[in-house]
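Below you'll find the structure, written out as structure tokens, and then a few comments.
Reminder, nothing fancy here: chain letters follow the sequence lines and each chain counts from 1. Just so it is clear, the model here is predicted, and its values are computed rather than measured.
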Amino acid sequence: QWGNECQLDQLNVLEPSHVLKCEAGRIEIWDHHAPQLRCSGVSFDRIVIEPQGLYLPTYFNAPKLSFVVNGRGLMGRVIPGCAETFMDSAGGQWQGQGFRDMHQKVEHLRRGDTIANPAGISQWIHNNGNEPLIIVSVFDIGNNQNQLDRNPRAFHLAGNNPQGQVWLRKSQQEPQNNMFSGFDPQVLAQAFKIKLNTAQQLQNQKDNRGNIVRVQGPFGVIRPPVRGEQRQEQDN
Amino acid sequence: GLEETFCTMRCTDNLDDPSRADVYKPQLGYISTLNSYTLPMLRFLRLSALRGSLRNDAMVLPHWNVNANEILYVTNGQAHVQVVNDNGNRVFDQQISKGQLLAIPQGFAVAKTAQSERFEWISFKTNDNAKINTLAGRTSVLRGLPLEVLTNGFQISVEEARRVKFNTLETTLTHSSGQSGRRSDA
């Protein structure tokens, strides 16, 4: 696969080759078939999340290193086997009346942050600022964590990509749906112990918002305050 | 020193003993794994294995392989298997039975439901410390997401999102009929 790809006689400046437009942002993708990127074994993208935009949970076949170019926001990753260490409950009992939610760690993002994410770990990002949140990422598709082909492959847990994975250069590109949409809704209902219509909702079949959606209402995830942020409640 | 180290390195282990199962539910079945922690030789091979045994109507919750490809070989019984690719398309939806082989690429989601009294398989994984991530259940990816991400992502109510997150208490195996581990919808 890596024949003569590094026999480069000339280097060029590279511009994004594909733009995926979403309800609350866009994803710009550089063509990883470009000789320089093929030689380096990487691909590159840039996501722009508008204020109140939410980049829905997605995982990739390769590790990635990201850099926050502009804006601020919140980011969460779900790591297999890790506990939900962020919990909001009045008495510490998650089945009681005071229980609201529990989830894995949520982190604040701001300009200059560099984020490392292993292959297969899903990540979501919310822009809670007043300006676009811009993040650039390099995907190390030549890394041994990637055991698929030398293409960046996104797996969406929610949302979808109506334009399809155009960077794969398939002759007939089809819209990309989320991972639940491929299962029989009955299987999902059995696995989640939920009603069939809720299982169908998980499939996002009638959704054309893309993978960055606009948040409806407040985004009240459990998160510690950033340094200098006022506490909402005063303890005695 | 090779005689005392590499030459004497243990290179066999038995995966068929239910008493060493990593996941065990008497009514559903068991799963045992062998990786470089349990058999250090596998670090050199960069391979690992998983032995599974499911009783009738038991289900392995939908999951994906985080860092490995999986080669699944059925040693006994039958199961219905669905596999979903990165495009969200169902790329496999069939019954598989004894003697059949299925290769499941990294990242592809898979669900298995036993359709015989005893469905047994061996999976070889192309990583000595292969990891999975489940889509449903107590340690699943959806359980780790905030309710707000679920309500906005799937356009469902907070109550529905709560059911999606918390109704299934199991981590790996469940009943496909849906009665086990189910919490009240109220």
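At a 4.5 Å heavy-atom cutoff, A/Q186 makes no contact with chain B through either its backbone or its side chain. Residue contact with chain B, scored on non-hydrogen atoms closer than 4.5 Å, involves the backbone of A/A154 exclusively. Heavy atoms closer than 4.5 Å to chain B are found in the backbone of A/P218, but not in its side chain. Contacts of B/S140 with chain A are made by backbone atoms alone, with heavy-atom separations under 4.5 Å and no side-chain atom involved. Interface remark: A/F86 contributes no atoms to any contact with chain B (heavy atom separation under 4.5 Å). Within the 4.5 angstrom heavy-atom criterion, atoms from both the backbone and the side chain of A/V187 approach chain B. Of the atoms belonging to A/E84, it is side-chain heavy atoms, and not backbone ones, that fall under 4.5 Å from chain B. With a 4.5 angstrom heavy-atom cutoff, A/N160 does not touch chain B via any of its atoms. A/N204 touches chain B through its side chain: at least one heavy atom from C-beta onward sits under 4.5 Å away, while N, CA, C and O do not. Proximity to chain B is limited to the side chain of A/L54, based on heavy atoms less than 4.5 angstrom apart. For chain B, the nearby parts of A/D184 are the backbone and the side chain; heavy atoms of each come within less than 4.5 Å. Interface remark: A/R214 contributes backbone atoms only to the contact with chain B (heavy atom separation under 4.5 Å). For chain B, the nearby parts of A/L157 are the backbone and the side chain; heavy atoms of each come within less than 4.5 Å. Heavy atoms of A/F183 lying under 4.5 Å from chain B belong to its backbone as well as its side chain.
Checking side-chain atoms of B/R162 against main-chain N and O of A/R100 turns up a donor-acceptor pair under 3.5 Å. Side-chain atoms of A/R209 come within 3.5 Å of backbone N or O of B/G153 as a donor-acceptor pair. Looking at A/T198, its side chain never comes within 3.5 Å of a backbone N or O of B/E160 through a donor-acceptor pair. At least one donor-acceptor pair under 3.5 Å links the side chain of B/N69 to the backbone N or O of A/Q147. When atom types are taken as modelled, the side chain of B/T174 and the backbone of A/A191 share no donor-acceptor pair closer than 3.5 angstrom. A distance-only check finds no donor-acceptor pair linking the side chain of A/K193 to the backbone of B/L169 [under 3.5 Å]. A donor-acceptor pair under 3.5 Å links the side-chain atoms of A/D101 to the main chain of B/L147, judged by distance alone.
In terms of heavy-atom pairs under 4.5 Å with chain B, the best-connected choice from A/G220, A/G81, A/S122 is A/G220. Counting heavy-atom pairs closer than 4.5 Å to chain A, the top-ranked of the candidates B/L61, B/V149, B/T139 is B/V149. Chain A forms more heavy-atom pairs under 4.5 Å with one residue of B/K165, B/K131, B/H80 than with any other, namely B/K165. When A/H156, A/Q165, A/R77 are compared by the number of non-hydrogen pairs under 4.5 Å with chain B, A/Q165 comes out ahead. Note on B/T113, B/V66, B/V83, B/N65: by heavy-atom pairs under 4.5 Å with chain A, the leading option is B/V66. Of the listed residues (B/V141, B/T151, B/V60, B/D93), the one with the most heavy-atom contacts under 4.5 Å to chain A is B/V141. The residue among B/L135, B/L150, B/V91, B/N67 with the most heavy atom pairs within less than 4.5 Å of chain A is B/L135. Heavy-atom pairs under 4.5 Å with chain A peak, among B/A111, B/P146, B/G144, at B/P146.
At a threshold of 4.5 Å between non-hydrogen side-chain atoms, the residues A/V215 and B/E148 do not count as touching. Two residues are said to be in side-chain contact when any heavy atoms from C-beta on lie closer than 4.5 Å; B/R143 and A/Q104 fail this criterion. A 4.5 Å side-chain heavy-atom check between B/Q155 and A/D207 finds at least one atom pair inside the cut-off. With contacts defined as side-chain heavy-atom distances shorter than 4.5 Å, the pair B/R46/A/N144 qualifies. For the pair B/N167/A/F192, no side-chain contact is recorded, criterion being any heavy-atom separation below 4.5 Å from C-beta on.
In terms of heavy-atom proximity, A/V213 sits nearest to B/N152 at CG2-O, 4.1 Å. Minimum heavy-atom separation, B/F154 to A/L202: CE2-O, 3.3 Å. The minimum heavy-atom distance between A/R153 and B/D86, with the atom names listed, is NH1-OD2, 3.1 Å.
The distance from atom CD of A/E174 to atom CG of B/N87, rounded to the nearest 0.5 Å, is 5.0 Å. Taking CD1 of A/I194 as the start and CZ of B/R163 as the end, the distance is 9.5 Å to the nearest 0.5 Å.
Residues A/Q176 and B/N89 have side chains that never bring a donor and an acceptor to within less than 3.5 angstrom of each other.
Between A/Y59 and B/W64, the ring-plane angle classifies as parallel under the 30° and 60° cut-offs.
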